[in-house]
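Below is one structure, written out as C-alpha cells; comments come after it.
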Amino acid sequence: MGFIQQHPLTAPSVLQMPVFRAIKQWRAGQPAGSPGLLFNLLMMVRLEHLQGDALHQLLQDELIRADVQCSQLVAHAALQIAGTATDHFPCRPVRSFAQVQIQNTLMVRVWKVCNWTEVHDRMKEGERIYSDRFPIANVTGTWKFDFFPKGTAGADGWMSLYFKYADQFSDNQQIGFGFKLHVINFQFPSQTLTKVYEKSQCTFSAESPGWGHQKMALIDAVNDPQGGFIIDDTIYIGISKTES
C-alpha cells in the first residue's frame, strides 16, 4: 500500500501489478463480508482513467462483484468516465442526461431517476413521471421518457416505460427509427434489461406518439439491494438506436 500511495498509478497499470494480484489472492481467502484491502486499493487507484476493456474487466471480476463497496466504486468510475458523476464517492448524479456505453451498446441518452426510494414509495400504480425533453442525433424533434414506477393499470408488479415524441406533430407527420429501451445495471452489465423496437415495427405519429413496454422491469428485481440496479438511491434508464 505504501508503494501505491507514493506513486500516481492509473488503473490499466495497477491491474497488472503483483500487489494487485496478491491482494486479490489474500481477499479470496477471507470470510465472506470481512473487511479487506481490495476496496482500499481501488480507492487509491485512478479508476476514472480506465480505457478500453479494463473497466469491463473490473466490473466482471468475481471478487469485486461480491463486494458491494468495490462494485459501487467501480460503477462510480464508469459514471465519471461518462461525465455523469461528481468527484466524490458514492456518486450523486448532477445532470439529467449523458451518453454511457454498456456492453458495446451506446446509450444515446441516460435518464437518472434520483431519490429513488422516495419516488417509489410515494407513487401509486398508474402514476407517471416524465423526463425532461432531449434531442437525438439525426432524428426529428425532441423526445422524453414516460415512466410508471409502479406500472400502468394491470402491470401486476412490473414497471412500465415508454418513449414519446415531446413536440406537436404536423398534419400527417410520421417519424420512424429503431431503438432500444434499457433499465441499466452498472454493477452487473449483462443483466441490464432491454426491449427492442425495430424501425419496421413502430412509427411515431399523432395517433401513436409513444412506444414502450407495460412490463419493462420487475419492481422487486430493480429494488433488490444486491441486484445492481440502484446506485446511490438512483436508477438509470437509457435509450439506444438500432441499425434498422
Side-chain angles (χ1 to χ4, degrees), residues 84 93 96-100 102-103 105-136 139 141-169 174-242:
T84 64
S96 295
F97 300 107
Q99 290 190 345
V100 175
I102 301 292
Q103 290 204 311
T105 298
L106 178 63
M107 310 287 175
V108 295
R109 280 296 184 272
V110 171
W111 178 29
K112 298 186 289 292
V113 184
C114 302
N115 302 313
W116 174 246
T117 301
E118 177 185 350
V119 170
H120 180 266
D121 288 348
R122 69 179 170 83
M123 300 202 73
K124 301 176 182 178
E125 182 181 81
E127 294 183 340
R128 56 158 52 98
I129 53 176
Y130 287 112
S131 71
D132 295 334
R133 298 182 178 196
F134 56 88
I136 293 181
V139 179
T142 60
W143 303 82
K144 62 185 178 183
F145 293 107
D146 184 8
F147 180 40
F148 296 76
K150 295 284 182 68
T152 57
D156 297 328
W158 293 76
M159 299 175 180
S160 303
L161 178 63
Y162 301 89
F163 177 62
K164 290 188 172 182
Y165 189 61
D167 301 327
Q168 293 292 323
F169 284 97
Q174 293 186 338
I175 303 172
F177 69 99
F179 66 95
K180 300 177 183 177
L181 290 176
H182 311 266
V183 179
I184 301 172
N185 190 318
F186 279 107
Q187 186 171 344
F188 309 116
S190 64
Q191 296 181 26
T192 290
L193 303 175
T194 300
K195 302 293 184 184
V196 182
Y197 301 86
E198 302 294 349
K199 181 178 180 180
S200 60
Q201 297 175 324
C202 60
T203 299
F204 296 88
S205 65
E207 292 74 26
S208 301
W211 291 83
H213 210 278
Q214 183 188 38
K215 297 184 176 182
M216 181 69 199
L218 277 169
I219 296 172
D220 288 346
V222 173
N223 286 336
D224 181 354
Q226 305 302 319
F229 289 99
I230 301 174
I231 298 178
D232 193 26
D233 202 28
T234 299
I235 68 168
Y236 295 79
I237 292 172
I239 182 170
S240 61
K241 293 172 64 178
T242 65

Backbone N/O of [Y] and side chain of [X]: donor-acceptor pair under 3.5 Å:
X      : Y      : answer
Ser160 : Gly151 : no
Tyr197 : Cys202 : no
Gln201 : Glu198 : yes
Asp167 : Thr142 : yes

Mind telling me whether Phe163 and Trp143 have parallel, tilted or perpendicular rings, with 30° and 60° as the class edges?
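Correct class here is parallel.
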Quick one: closest heavy-atom pair of [X] and [Y], and the distance?
X      : Y      : result
Thr117 : Asp233 : OG1-OD1, 2.7 Å
Val119 : Cys114 : CG2-O, 3.7 Å
Thr203 : Trp211 : O-NE1, 3.2 Å
Ala155 : Lys215 : O-CE, 3.6 Å
Lys144 : Phe134 : CA-CE2, 3.7 Å
Val222 : Ile235 : CG1-CG2, 4.1 Å

Please report the C-alpha distance between Ile237 and Lys112 in whole Å, then the side-chain angles of each, then the deciding distance to 0.1 Å, and finally whether the side chain to side chain contact (heavy atoms under 4.5 Å, CB included) criterion is met.
CA-CA 7 Å; Ile237 292 172; Lys112 298 186 289 292; over 6 Å; no
Are any of the side-chain heavy atoms of [X] and [Y] separated by less than 4.5 Å?
X      : Y      : value
Phe145 : Leu181 : yes
Met159 : Phe147 : yes
Leu193 : Phe229 : yes
Trp158 : Leu218 : yes
Ile136 : Lys241 : yes
Thr242 : Lys199 : no
Arg122 : Glu127 : no

Please identify each residue that fulfils side-chain hydrogen bond (donor to acceptor under 3.5 Å, both in side chains) with Lys164, with sequence neighbours left out.
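In terms of side-chain hydrogen bond (donor to acceptor under 3.5 Å, both in side chains), with neighbours along the sequence ignored, Lys164 is linked to Asp146.
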What I want to check is whether the side chains of Asn185 and Thr192 have a donor and an acceptor closer together than 3.5 Å.
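No pair is found: no donor N or O on one side chain lies under 3.5 Å from an acceptor on the other.
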With distance as the sole criterion, is a donor-acceptor pair present between the side chains of Gln214 and Thr152 under 3.5 Å?
yes
Is it true that atom CG of Asp220 has more than 12 heavy atoms of other residues, nucleotides or ligands lying nearer than 6.0 Å?
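For Asp220, atom CG is not crowded (no more than 12 foreign heavy atoms under 6.0 Å).
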Trace of the side chain to side chain contact (heavy atoms under 4.5 Å, CB included) decision for Trp116 with Thr234:
CA-CA 5 Å; Trp116 174 246; Thr234 299; 5.9 Å; no
Mind checking ring-ring contact (aromatic ring centres under 6.0 Å, His included) for Phe169 and listing every partner two or more places apart, or none if nothing turns up?
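Only Tyr165 meet the ring-ring contact (aromatic ring centres under 6.0 Å, His included) criterion with Phe169.
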ring-ring contact (aromatic ring centres under 6.0 Å, His included) with His213: which residues, sequence neighbours excluded?
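Per chain and number, His213 pairs via ring-ring contact (aromatic ring centres under 6.0 Å, His included) with no residue.
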Atom pair CH2/CG of Trp111 and Asp132 - distance to nearest 0.5 Å
8.5 Å
Only one of Lys180, His182, Arg109 forms a side chain to side chain donor-acceptor pair (under 3.5 Å) with Ser240, so which one is it?
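Between Ser240 and the candidates, side chain to side chain donor-acceptor pair (under 3.5 Å) is satisfied uniquely by His182.
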Could you walk me through whether Ile219 and His120 pass the side chain to side chain contact (heavy atoms under 4.5 Å, CB included) test, one step at a time?
CA-CA 9 Å; Ile219 296 172; His120 180 266; 3.3 Å; yes
